[in-house]
Amino acid sequence: MGTLWLGMLGSEADLKLRFGKSVRKITGAGHGERGMIASEFKRRCEAMGVTPPPDVCSKLQPNEGNGSSGPPEEINLSGTSINPKVISSLMTALETDSTISTLILADAFLGDDVNNTLRTLLLEWNCVGIWEVGVRALADALAANRRLETLDLRNCKVGPRGCQTLAVGIKHNTSLRHLDLRWNNAGLIGGRAFVDVLQWNMSILEVLLTGNEVPEEVMRSVTVLLQRNKDKQAVSALTASHSEQLSSTLQTLAKHHQDAVEKLQHKLHSSDSKHQSVAERLAVASRDLSAAQAASKAAEDRANAIERDFSVFKAEGNARISDLQKDLKSEREVGWTTSSEPRTY
């Protein structure tokens with residue numbers, strides 16, 4: 001919901017509520033029964049696809065038995081949780097009963113449901129300032145509200161005390177940016193009230209007081225304080241922009257750093273894999289070398305054993321040859337002896 005208009009009800013009930021292009025107006029010219037409002041309200045809620053709030057339905061019934069202590073021409077929905085569709089349904093239902101001259105929505109139209117989206121509140125050309133309780137309720141809502149950015153109170157008969165009350169309400173409000181109070185009756189007291197509140201509130205950027213008989217020196221003070229707020233907002237916006245740029249740059253650098261780290265980790269992992277592969281091959285080669293060394297040693301041992309056996313065989317052969325030579329020599333000597341003796345016939 002972008003814009004909400006709420007006119008204060010006078011002697012002739014006149015309440016305007018706008019949601020987009022839908023405008024509803026209640027006047028005291030028709031006829032109807034109070035009990036028809038609740039049923040019509042439920043029907044309109046069902047048509048809009050929302051559940052009728054039980055607390056609103058009970059307060060729409062005639063005063064007898066519903067716990068309401070107000071007059072029969074009044075519907076008091078103060079403190080109820082009402083969203084835009086419920087209010088739209090209520091405005092349509094109220095057209096069926098002209099006996100209702102007062103509708104109280106204090107602390108309702110700025111409740112949690114509506115407050116999440118409401119940015120602009122237009123109350124121009126109403127009599128908000130006539131009733132002190134109404135101005136106080138609006139000020140209390142502004143003190144608690146954290147969404148409203150624009151408040152239009154032109155020609156609402158807001159006097160000096162009303163301006164003081166509103167100033168108290170916006171003292172610590174951090175969302176309101178534009179306050180239009182043109183053509184009211186702020187005067188010197190009301191103007192000074194806004195000078196005082198602007199010493200505290202550094203969020204509001206515009207306070208229009210034309211047609212309020214505010215002295216020129218007070219208007220200059222308001223202008224100076226508003227310019228301070230605008231400068232502060234500009235500096236804050238510039239600081240936020242620089243912070244955002246710095247944050248973006250840091251995020252970019254962090255991402256590049258992370259990418260570089262990931263690449264290095266990938267390279268290290270690849271190198272580790274290669275080193276592991278080389279180490280595995282070296283281990284296999286070492287095992288093969290150990291096996292070859294063992295086989296070589298076994299072959300060497302076998303060769304040594306063969307050499308020892310050959311040496312023994314050679315020694316034995318040489319001994320046999322020596323023996324054979326001795327035997328042959330002996331036989332030769334015997335043969336020569338025999339042949340040299342004379343033969344006897």
Side chains of [X] and [Y]: closer than 4.5 Å at any heavy-atom pair?
X: Val218; Y: Leu209; answer: no
X: Ser248; Y: Glu244; answer: no
X: Leu166; Y: Leu153; answer: yes
X: Asn155; Y: Glu124; answer: no
X: Trp183; Y: Asn212; answer: no
X: Phe194; Y: Ile170; answer: yes
X: Lys171; Y: Val197; answer: yes

Nearest 0.5 Å please: distance from the [atom1] atom of [X] over to the [atom2] atom of [Y].
X: Asp272; Y: His269; atom1: CG; atom2: NE2; result: 7.5 Å
X: Glu149; Y: Ser203; atom1: CD; atom2: OG; result: 11.0 Å
X: Asp196; Y: Leu225; atom1: CG; atom2: CG; result: 9.5 Å
X: His257; Y: Leu250; atom1: NE2; atom2: CG; result: 12.5 Å
X: Arg44; Y: Phe41; atom1: CZ; atom2: CZ; result: 11.5 Å
X: Thr120; Y: Arg177; atom1: OG1; atom2: CZ; result: 12.5 Å

Report the C-alpha distance between Gln251 and Ser247 in whole Å, list the side-chain angles of each, state the deciding distance to 0.1 Å, and finish with yes or no for side chain to side chain contact (heavy atoms under 4.5 Å, CB included).
CA-CA 6 Å; Gln251 289 178 357; Ser247 176; 3.6 Å; yes

[X] (side chain) donor-acceptor with [Y] (main chain) under 3.5 angstrom:
X: Ser270; Y: His266; result: no
X: Asp180; Y: Arg154; result: no
X: Thr249; Y: Gln245; result: yes
X: Asn201; Y: Asn173; result: yes
X: Ser322; Y: Asn318; result: no
X: Asn184; Y: Lys157; result: yes
X: Ser175; Y: Leu148; result: yes
X: Thr239; Y: Val235; result: yes
X: Ser296; Y: Ala292; result: no

Search all heavy atoms of [X] against all heavy atoms of [Y] and return the closest pair with its distance.
X: Cys163; Y: Gly190; value: CB-CA, 3.7 Å
X: Ala167; Y: Ala193; value: CB-O, 3.8 Å
X: Cys156; Y: Leu123; value: SG-O, 2.7 Å
X: Cys57; Y: Ala38; value: O-CB, 4.3 Å

I'd like to know whether [atom1] of [X] has more than 12 heavy-atom contacts from other residues, nucleotides or ligands below 6.0 angstrom.
X: Glu213; atom1: CD; result: no
X: Glu280; atom1: CD; result: yes
X: Glu217; atom1: CD; result: no
X: Glu262; atom1: CD; result: yes

Residue set satisfying side-chain hydrogen bond (donor to acceptor under 3.5 Å, both in side chains) with His172, at least two apart, ordered chain then number -> none

Apart from Val284 itself, its cluster of hydrophobic side chains linked below 4.5 Å comprises none

Same apolar cluster (I L V M F W Y, side chains within < 4.5 Å links), [X]/[Y]:
X: Val133; Y: Ile130; result: yes
X: Val214; Y: Leu226; result: yes
X: Met219; Y: Val207; result: yes
X: Leu188; Y: Val224; result: no

Sidechain N-carboxylate O distance under 4.0 Å for [X], [Y]:
X: Asp259; Y: Lys255; value: yes
X: Asp301; Y: Lys297; value: yes
X: Glu40; Y: Arg43; value: yes

Notebook entry, point to check: Any chance the side chains of Arg161 and Thr165 put a donor and an acceptor closer than 3.5 Å?
Noted result: no

For residues 222-240, the salt bridge (charged side-chain N to carboxylate O under 4.0 Å, His left out) pairs (sequence neighbours left out) are none

